[in-house]
Amino acid sequence: MKQLTVSQTSLRSKRYKWLFWLVIIAVIYIWGITGVQFTGIKDSAGEVSRSIAYGIFHPDWKYVYDGSGEDLVSLILQTIAMAFLGTFISAILSVPFAFWAARTGKPRFHIRSTSGKLVLTLIRTFPEIVLAIMFIKSVGPGSFAGVLAVSIHSIGMLGKLFSESIENMDFGPSEALMSSGGNRSQTLVFATLPTVLPEFLSYTLYRFEIAVRSASILGMVGAGGIGTPLLFAIQTRTWSRVGIILLGIIIMVTLIDFISGTLRKRLV
């Protein structure tokens, strides 16, 4: 009888806990919805939507490739190059940040890891588009500013993911090498890195998928890529040009997601 009473009390406590969190979530949703100012749908919304749909179904096929370097294929390749170079740079620079932020079982390293996590959080605070605007003011408009924006923001993301991989890795090979007389450098090269490298590559490919989407938008602020002609086409209401650019972005993102997903399945 006593065990039954304890069980009922525990069940009641769990219900109250779930009810408490449901109330908190409901309050947050209500606060978020009431904070959104809705001024109504504009009279031109229907006409613009029909124009965009018409442009998507009647794209400007002449813009696909004309050899000028400003066509769809050339700018999509530039966008992919921006994303690839930015991700490649960040993947290399993120490794020391990851070891800095990784929390190990040794208490004396906890302060070090906390400072590393704080730095990575600060880096992630700035969105790519804000970084792109800042770099455009520093190095001028173009794809170089876009590469810098993608790489800096990716350091914050990859550094966090890499550090979590280090924290969750199997320390057996490292401990075995240390017990057999290996030094820190040998342990890092022959035990630690081979253990975490597959996850590092998987996270890098995943980040590359995100970087491609980001690079497609950065051109809207002058950081190169396909975003610049897309913005011009929208401003001039050239909906057939908007349609072919959107189709190009959709095909590019879909292919990269498929290839990256296939490679990540083989790595992990």
Side-chain angles (χ1 to χ4, degrees), residues 41-42 44-88 90-91 127-133 136 141-151 153-154 157-158 161 201-267:
I41 300 175
K42 294 184 177 180
S44 60
E47 180 182 353
V48 172
S49 299
R50 287 191 296 270
S51 299
I52 294 174
Y54 178 85
I56 292 176
F57 289 103
H58 299 81
D60 181 11
W61 296 108
K62 296 180 181 179
Y63 183 66
V64 173
Y65 183 78
D66 56 16
S68 64
E70 299 295 329
D71 51 75
L72 180 65
V73 173
S74 301
L75 292 175
I76 280 183
L77 291 176
Q78 185 184 98
T79 302
I80 296 174
M82 287 169 52
F84 178 81
L85 186 57
T87 306
F88 179 77
S90 64
E128 282 119 330
I129 195 164
V130 175
L131 290 171
I133 294 173
I136 286 171
S143 57
F144 183 55
V147 171
L148 292 176
V150 171
S151 60
H153 185 78
S154 296
M157 296 298 298
L158 288 178
L161 295 173
L201 293 176
S202 177
Y203 285 135
T204 301
L205 288 171
Y206 178 68
R207 181 59 197 171
F208 174 64
E209 296 177 21
I210 301 174
V212 170
R213 297 180 179 88
S214 301
S216 302
I217 304 300
L218 295 182
M220 291 189 172
V221 295
I226 196 63
T228 302
L230 177 60
L231 178 63
F232 289 160
I234 292 174
Q235 290 176 339
T236 58
R237 298 179 183 272
T238 312
W239 302 117
S240 58
R241 180 69 57 85
V242 173
I244 193 63
I245 293 174
L246 291 178
L247 285 176
I249 293 174
I250 292 170
I251 293 172
M252 173 185 66
V253 171
T254 302
L255 287 176
I256 289 176
D257 284 357
F258 175 76
I259 296 171
S260 176
T262 303
L263 291 175
R264 282 189 286 113
K265 287 180 181 179
R266 294 186 178 183
L267 285 171

Are Thr204 and Thr87 side-chain neighbours, meaning at least one heavy-atom pair lies under 4.5 Å?
yes
How about CD on Gln235, more than 12 heavy atoms from neighbouring residues, nucleotides or ligands closer than 6.0 Å, or not?
yes
Could you check whether Glu209 and Ser260, counting side-chain N and O atoms only, form a donor-acceptor pair closer than 3.5 Å?
yes
Shortest non-hydrogen pair, Gly248 vs Leu72, comes out as CA-CD2, 4.3 Å
Under 3.5 Å, is there a donor-acceptor pair between the side chain of Ser240 and the main chain of His58?
no
Between Pro59 and Gly243, what is the shortest heavy-atom contact and its length?
CB-C, 4.2 Å
Less than 4.5 Å apart, any side-chain heavy atom of Ser214 and any of His153?
no
Asp71 and Tyr65 have their tightest heavy-atom pair at OD1-CD1, 3.4 Å
What's the separation between atom CD1 in Ile56 and atom OG in Ser51, rounded to the nearest 0.5 Å?
11.0 Å
I need the Ile244 CD1 to Leu230 CG distance, nearest 0.5 Å.
12.0 Å
Can you confirm whether Phe208 sits close enough to Ile80 that some side-chain heavy atom of one is under 4.5 Å from a side-chain heavy atom of the other?
yes
Enumerate the residue pairs fulfilling salt bridge (charged side-chain N to carboxylate O under 4.0 Å, His left out) with a member in residues 225-252, sequence neighbours excluded, ordered by first and then second residue.
Asp60-Arg241
In Å, rounded to the nearest 0.5 Å, how long is the span from CG of Leu205 to CD1 of Ile259?
10.5 Å
Do the side chains of Ile251 and Ile76 get nearer than 4.5 Å, heavy atoms only?
no
Roughly how far, to the nearest 0.5 Å, is the CG atom of Asp257 from the CE atom of Met252?
10.0 Å
For the CG atom of Leu75 and the OG1 atom of Thr228, what is their distance to the nearest 0.5 Å?
8.0 Å
Closest heavy-atom pair and its distance - Val221, Ala132
CG2-CB, 4.0 Å
Nearest atoms (heavy-atom pairs only) where Gly225 meets Gln78
N-OE1, 2.7 Å
dist Tyr206:OH -> Leu263:CG (nearest 0.5 Å) comes out at 16.0 Å
Can you confirm whether Val64 sits close enough to Val73 that some side-chain heavy atom of one is under 4.5 Å from a side-chain heavy atom of the other?
yes
Please report the closest heavy-atom contact between Met82 and Gly224, naming both atoms and the distance.
SD-C, 3.8 Å
Are the side chains of Phe232 and Ile245 in contact, using a 4.5 Å heavy-atom criterion?
no
